[in-house]
Amino acid sequence: MGLKNKDLLGLKDISKEEIQIILDTAEPMKDVIQRPIKKVPTLRGRSVINLFYEASTRTRTSFELAGKYLSADTINIATSTSSVVKGETLKDTGKTIEVMGADVVIIRHPVAGAPHMLAKHLKAAVINAGDGAHEHPTQGLLDMFTIREKKGRIEGLKIAILGDVLHSRVARSNIWGLTKMGAEVRVVGPSTLMPPEIEKLGVQVFHRVEEALDGVDVVNVLRIQLERQQKGLFPTIREYARLFGLNKERLQAAQADALVLHPGPMNRGVEISPDIADGLQSVINEQVTNGVAIRMALLYLLTGGTTSETSD
């Protein structure tokens, strides 16, 4: 069994069963990454294009490695040096890429909904690598894969998402995915960084970290986007760290074996203290490895692979 749609645009619109398929497919992919020679011929002859309109290190590199480990031809298009600078529309750029024979287009764009628009015009599979403050589905999937790997399950776990929920595409994808998989999700952060009516997404809202972390199994710490401070959404970096930063004292409210996740890049000493980031409960480095496995799974499934083939 594969995925129902040709694209992965967000976790809001895919089923629990499809999430399960992606997580299950990522397991054998992780085995490939851990081999001395990280190469399988699965996608030989396929073309994967990375089209990034925003700066990215982890996500772009992760998709590039995922393609190469599966033997796909992987090309990065830097929009700062392409025809985009000359005023070419997203639709035209996508069509140009497609007529060159691309099988998968991975897009990161500052405008919410851009991947959805591109997907309507292309026969190629489109993967959303982050669109505005809307969704970042592969980050949500790799977070879920990491949690399931460490805890053995997602259903019934208490998971807190801490920080700037308002502007976070990571938070949205995590909320959609985790609630579908049966987790109890809490969000916590300053009221100025919390979307209105977010309770409607099936989460509990807190404004005190200690209350939100009481008895949780996982803490997912969001990056504070320092440019938000210029907009006056919180007083100072130091004040944010004092009131909302994850430190040893605050983490004690969680379960003794609680996991700490962070999508990166981290502002050490702001949203997370260095001793927690590098501590025994942190799975931040494993998230990066798992990101490659999840993206390999998606490239495989969206080009016609099925879970039965990976389990041979």
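Hydrogens, waters and symmetry mates are skipped; everything else that's a heavy atom, side chains included, is used.
D92 and T89 form a side-chain donor-acceptor contact under 3.5 Å, judged by distance and modelled atom types alone. Under the 3.5 Å distance criterion, with hydrogens and angles disregarded, no donor-acceptor pair is assigned to the side chains of H121 and E98. Donor-acceptor pairing under 3.5 Å is lacking for the side chains of T303 and D103. There is no side-chain donor-acceptor pair under 3.5 Å between N50 and E64.
More than 12 heavy-atom neighbours from other residues, nucleotides or ligands sit within 6.0 angstrom of NZ on K30. Within a 6.0 Å radius of CZ in R268, more than 12 heavy atoms belonging to other residues, nucleotides or ligands are found. The environment of N285 atom CG is sparse: at most 12 non-hydrogen atoms of other residues, nucleotides or ligands sit within 6.0 angstrom.
Side chain of Q281 to backbone of A258: a donor-acceptor contact under 3.5 angstrom is found. Judged purely by atom type and a 3.5 angstrom limit, N267 has no side-chain atom pairing as donor or acceptor with the backbone of I272. A distance-only check finds a donor-acceptor pair linking the side chain of N128 to the backbone of L9 [under 3.5 Å]. With hydrogens and angles disregarded, a donor-acceptor distance shorter than 3.5 Å links the side chain of R169 to the backbone of G132. Under the 3.5 Å distance criterion, the side-chain polar atoms of T192 are matched with a main-chain donor or acceptor of L233. A distance-only check finds no donor-acceptor pair linking the side chain of S71 to the backbone of T42 [under 3.5 Å]. Listed for the R46 side chain is no donor-acceptor partner under 3.5 Å among the backbone atoms of D73. Here the side chain of S282 pairs a donor or acceptor atom with the backbone of A277 at under 3.5 angstrom.
With sequence neighbours left out, E197 forms a side-chain hydrogen bond (donor to acceptor under 3.5 Å, both in side chains) with K200. Applying the salt bridge (charged side-chain N to carboxylate O under 4.0 Å, His left out) rule to R208 yields the partners E210, E211; only residues at least two apart in sequence or on another chain are considered. Listed by chain and number, the residues in a side-chain hydrogen bond (donor to acceptor under 3.5 Å, both in side chains) with E286 are K150 (sequence neighbours excluded). Applying the side-chain hydrogen bond (donor to acceptor under 3.5 Å, both in side chains) criterion to K39, with sequence neighbours excluded, gives no partner residue. In this structure, D13 has no side chain to side chain contact (heavy atoms under 4.5 Å, CB included) partners at least two apart in sequence or on a different chain. Remark: S15 pairs with K4, E17, E18 by the side chain to side chain contact (heavy atoms under 4.5 Å, CB included) rule, at least two apart or across chains. With sequence neighbours left out, the side-chain hydrogen bond (donor to acceptor under 3.5 Å, both in side chains) criterion links K123 to no other residue.
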Salt bridge (Lys or Arg N to Asp or Glu O under 4.0 Å) between E239 and R242, worked out: CA-CA 5 Å; E239 187 77 355; R242 188 176 70 79; 3.1 Å; yes

Check against side chain to side chain donor-acceptor pair (under 3.5 Å), H262 and E271: CA-CA 10 Å; H262 191 299; E271 71 263 11; 2.7 Å; yes

Residue pair I198, L201: steps toward the side-chain contact (heavy atoms from CB on, under 4.5 Å) verdict: CA-CA 6 Å; I198 191 168; L201 300 187; 4.1 Å; yes

side-chain contact (heavy atoms from CB on, under 4.5 Å) evaluation trace for Y69 with V292: CA-CA 9 Å; Y69 290 163; V292 180; 3.9 Å; yes

Full working for side-chain contact (heavy atoms from CB on, under 4.5 Å) between I147 and L261: CA-CA 9 Å; I147 293 166; L261 285 74; 4.2 Å; yes

side-chain contact (heavy atoms from CB on, under 4.5 Å) assessment of Q225 paired with H167: CA-CA 9 Å; Q225 298 168 42; H167 300 97; 4.1 Å; yes

Salt bridge (Lys or Arg N to Asp or Glu O under 4.0 Å) between R60 and E54, intermediate numbers included: CA-CA 10 Å; R60 186 183 58 75; E54 285 184 326; over 6 Å; no

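Annotation for A212 and V188: closest pair CB-CB, 3.6 Å, computed over non-hydrogen atoms. Taking every heavy atom of both residues into account, F63 and L299 meet most closely at O-CD1, 4.4 Å. Of all heavy-atom pairs spanning L122 and K6, the tightest one is O-NZ, 2.9 Å. The heavy-atom pair separating A124 from A102 by the smallest distance is CB-O, 3.6 Å. When every heavy atom of L213 is checked against every heavy atom of A160, the shortest pair comes out as CD2-CB, 3.7 Å.
How far OG1 of T61 is from NZ of K68: 9.5 Å, rounded to the nearest 0.5 Å. Considering NE2 of H207 and OG of S191, their distance stands at 5.5 Å, rounded to 0.5 Å.
When each of L222, N220, V203 is paired with V187, the side-chain contact (heavy atoms from CB on, under 4.5 Å) condition holds for V203 and for no other.
Applying the salt bridge (Lys or Arg N to Asp or Glu O under 4.0 Å) test to every pair with at least one member in residues 288-303, sequence neighbours left out, gives no pairs at all. Contacts classified as salt bridge (Lys or Arg N to Asp or Glu O under 4.0 Å) and involving residues 251-262 (residues at least two apart or in different chains) are given here: K151-D257. Counting only residues at least two apart or on different chains, the salt bridge (Lys or Arg N to Asp or Glu O under 4.0 Å) pairs with a member in residues 171-196 are E184-R186. Among residue pairs with one or both ends in residues 128-160, those qualifying as ring pair (Phe, Tyr, Trp, His ring centres under 6.0 Å) are H116-H134; sequence neighbours excluded. For residues 127-140, no pair satisfies salt bridge (Lys or Arg N to Asp or Glu O under 4.0 Å), with sequence neighbours left out.
Ion pairing between a basic and an acidic side chain is recognised when a charged N comes within 4.0 Å of a carboxylate O; D31 and K38 show no such pairing.
Residues V288 and L23 do not share a hydrophobic cluster, clusters being chains of Ile/Leu/Val/Met/Phe/Trp/Tyr side chains in contact below 4.5 Å. Placement of L243 and F206 within a single hydrophobic cluster is found when ILVMFWY residues are connected by side-chain heavy-atom separations under 4.5 Å, directly or transitively.
Counting heavy atoms from C-beta outward, I224 and F234 have side chains that approach closer than 4.5 Å.
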